[in-house]
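Hydrogens, waters and symmetry mates play no part in the numbers below; they use all other heavy atoms, side chains included. Whatever order the structure lists ligands and atoms in, that order sets their numbers, starting from 1.
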Amino acid sequence: MENQIDTQMVRRKGRRLVLFPIPFQGHINPMLQLADILHSKGFSITIVHTSFNSPNPSNYPNFTFHSVTDGLSESEASMADIVALVKLLNTRCVAPFRDCLIKLLADVSEEPISCLISDALFYFSQAVADSLKLPRIVLRTGGVSSFVVFAAFPLLMEKGYLPIQESQLEEPVADFAPLKVKDLPVINTEDPEVFYELVAGLVNETKASSGLIWNSFDDLEQPALATIRRHFSIPFFPIGPFHKYFLPSSSSSLLTPDESSISWLNKQAPRSVIYASFGSLAALSEAEFLEIAWGLANCKQPFLWVVRPGLVRGSEWLESLPSEFLETLNGRGHIIKWAPQQEVLAHPAVGAFWTHNGWNSTVESICEGVPMICMPCFSDQTVNAKYVTDVWKVGLQLESGLKREEIERTIRRLMGEEEGREIRERISELKEKANLCLQQGGTSCQSLDTLVGHISKLESFVFKSE
Ligand code: UDP
C-alpha cells in the first residue's frame with residue numbers, strides 16, 4: 001500500500017508555509033506575528049483562515065489569504081461557551097480545510113509547500129495533514145507552564161485534583177508548586193467532558209506533530225521547557241516574544257483600536273496610569289463590572305479602561321454605570337472599546353496593568369516592564385497569574401476577591417509602597433532578559449535559526465499530474 005502511494009506522489013521541498021490560526025484574537029495575533037517572522041527568513045506565507053473572525057488581508061500585502069467556510073451560524077459564532085465553539089470549529093472545518101489544502105498542494109504555479117503550521121487548538125488539522133502527507137508544526141499561543149499542566153490532566157484526574165471540587169480549592173497540587181487546585185486551568189462549560197476531550201486533542205495531536213513553536217523564551221519558562229523536553233519527543237522552539245521582532249508589528253486587530261488612548265496618555269504623569277483590560281473573550285457580571293468601576297474611581301490614580309462591547313453580560317457597553325460615575329472622575333479616567341495595547345503598555349505614563357492574564361497580555365506586559373494586577377478568568381489565565389505573582393513575582397492578585405476596597409488596596413500596594421518598588425525592579429530585569437533573548441546569539445534568536453533549519457528539511461508530497 002505504502003509503495004502504491006509512493007508511486008503516485010512525488011516528494012517536494014519548498015519554501016512556502018501554510019499557516020492556519022484558530023479564529024480568536026489572542027490566537028490570530030501571535031500566528032500573524034509568526035508569519036511575519038518566518039517571512040523575514042525567506043519563506044512565502046499562505047494564511048488559511050475561517051470566515052468567522054477573518055483577518056484583514058490588506059494589512060499583509062506580502063501574504064496570500066484563503067478563506068475556508070466554517071459553516072457557523074451567527075448565533076453559533078457568538079456563543080459564550082468557548083469550549084463548545086472550539087469543538088464545533090474542529091468538526092465543521094475538517095472537510096473545507098482538507099479541500100483547501102488539496103488545492104494548495106496541487107497548485108504548481110506557486111512554490112511547493114514545506115509544511116502546515118496550525119494552532120494547537122486546531123487539533124483536527126493533524127489528521128488532515130497526515131492524510132495528505134504534509135508535515136504539521138504546532139503553534140501553541142499560550143505559555144509553556146500552563147501547557148505542562150494541560151499535558152498532566154490524566155495524572156491530575158487520577159490523583160483526584162480534577163474535576164475541581166469546591167472543598168479542595170485551597171489545596172496545593174502535589175508536584176505542581178506553586179499551583180493550588182483553584183489555579184488549575186479549567187473552563188466553565190455546558191459539558192465538562194467536551195473540555196477534557198478538547199485538552200486531550202490539544203496535547204495528543206501536538207505530540208503527533210513535527211514540532212512545537214512557543215511564544216515564550218528560555219529565561220522565562222526554563223523549568224517548564226525542561227519538563228516538556230522530558231515528556232515530548234518532538235523538537236520544540238521557544239522563539240518569543242513574537243511581537244518584539246518588528247516594531248510596530250502589523251495590526252491583526254479584529255476591533256479598531258481607539259487612538260485617543262495615546263493622546264490621553266500623553267497628558268498624564270510618568271508611571272501614574274493604571275491600564276485595565278481583560279482581553280477579547282472574558283466576560284463579567286454587572287456586579288463585578290461595578291466593583292471594578294468604583295475601585296478604579298476610588299483609587300485616585302488616572303486610569304485607561306478597555307470596556308469591550310460584550311464585556312458585561314447582558315449589556316451593550318456602559319449602560320450599567322450610574323450617571324454620576326463619569327462626573328466624579330473629572331477626566332481622571334478614559335474608557336474605550338479597544339486599545340492599541342502594545343503601544344499603550346510601552347507608553348511612559350503607564351504604571352500598572354490590571355489584566356486577566358491571557359498569555360499575550362502577560363508577555364506584552366513583561367516586555368514593557370509594566371507590573372500587573374492579576375484577575376484571571378478561565379483556562380490558562382489562572383496558571384499565568386500564579387506565575388506572575390508567585391514565581392516571577394512581578395504582580396499582585398486581588399487577595400480577597402473583586403471588591404472595591406480590595407481593588408483600592410491592591411493598587412496602592414503596587415503603585416506606591418516598597419513592595420511595588422521591588423516588583424517594578426523584578427519586572428525590569430525580566431524585560432531586559434526578553435530583549436536579550438532576541439538579539440544575535442540570544443536563546444530565542446538561536447531557536448529561530450534551528451526552526452528555520454528544521455522546516456527546510458521537511459518534505460511534503462504532491463500527486464503526479466500525469
Ligand atoms: N488587545 C488589544 N487591545 C485591547 C485588548 C487586547 O490589542 O484593548 C490584544 C492584546 O494586545 C493581545 C490580545 O489582544 O495581543 C489578547 O490576547 P490575550 O492572550 O491577552 O487574551 P485573550 O483575548 O486571548 O483572552
Closest protein heavy atom to atom 24 (O) of ligand 1, given as residue, atom name and distance to 0.1 Å
Gly26 CA, 3.5 Å
I'd like to know if the side chain of Ser280 pairs up with that of Arg308 as donor and acceptor (distance under 3.5 Å, no hydrogens or angles considered).
no
Identify, by atom number and element, the atoms of ligand 1 in contact range of Gly358, meaning under 4.0 Å from any of its heavy atoms.
18 (P), 19 (O), 20 (O), 21 (O)
Before signing off on this row, confirm whether Ala339 and ligand 1 have an N or O atom pair separated by under 3.5 Å.
yes
Heavy-atom distance under 4.5 Å between the side chains of Leu284 and Arg313, does that happen here?
no
Among Ser280, Gly143, Ser379, whose heavy atom sits nearest atom 23 (O) of ligand 1?
Ser280
Answer with yes or no whether the side chains of His334 and Ser260 bring together a donor and an acceptor at under 3.5 Å.
yes
The answer for which part of His27 has a heavy atom under 4.0 Å from ligand 1 is neither
Identify, by atom number and element, the atoms of ligand 1 in contact range of Gly279, meaning under 4.0 Å from any of its heavy atoms.
23 (O)
Glu74 atom CD, neighbour heavy-atom count above 12 within 6.0 Å
no
Quick one: nearest non-hydrogen protein atom to atom 13 (C) of ligand 1, plus distance?
Asn29 ND2, 3.6 Å
Okay, side chain of Trp392, backbone of Ile427: is any donor-acceptor separation there less than 3.5 Å?
no
For Glu190, which residues count as a salt bridge (charged side-chain N to carboxylate O under 4.0 Å, His left out) partner, sequence neighbours excluded?
none
Hey, are Gln341 and Tyr275 close enough side-chain-wise for a donor-acceptor pair under 3.5 Å?
yes
Ligand 1 to Ser361 polar contact by distance, N or O atoms, under 3.5 Å
yes
Is a side-chain donor-acceptor pair under 3.5 Å present for Asp183 with Thr382?
no
With sequence neighbours excluded, residues passing side-chain contact (heavy atoms from CB on, under 4.5 Å) with Val186:
Leu162, Ile164, Phe195
Mind checking whether Ser277 has a heavy atom under 4.0 Å from ligand 1?
yes
Asn360 versus ligand 1: do any nitrogen or oxygen atoms come within less than 3.5 Å of each other?
yes
Ligand 1 contacted by His356 (non-hydrogen, < 4.0 Å)
yes
Mind checking whether Tyr275 contacts ligand 1 via backbone (N, CA, C, O), side chain (CB onward), both or neither, at a 4.0 Å heavy-atom cut-off?
side chain
Would you say Gln25 and ligand 1 have an N/O pair spaced under 3.5 Å apart?
no
Just go through Trp338, Phe242, Phe378, Phe278 and tell me whose heavy atom is the nearest to atom 2 (C) of ligand 1.
Trp338
Measure the shortest side-chain to side-chain distance between Gln301 and Ile411 over non-hydrogen atoms and say whether it is less than 4.5 angstrom.
yes
Mode of Trp359 contact toward ligand 1 - side chain, backbone, both, neither (heavy atoms, under 4.0 Å)
backbone
Provide, to 0.1 Å, the distance between atom 15 (O) of ligand 1 and the closest protein heavy atom, together with that atom's residue and name.
Glu364 OE2, 2.8 Å
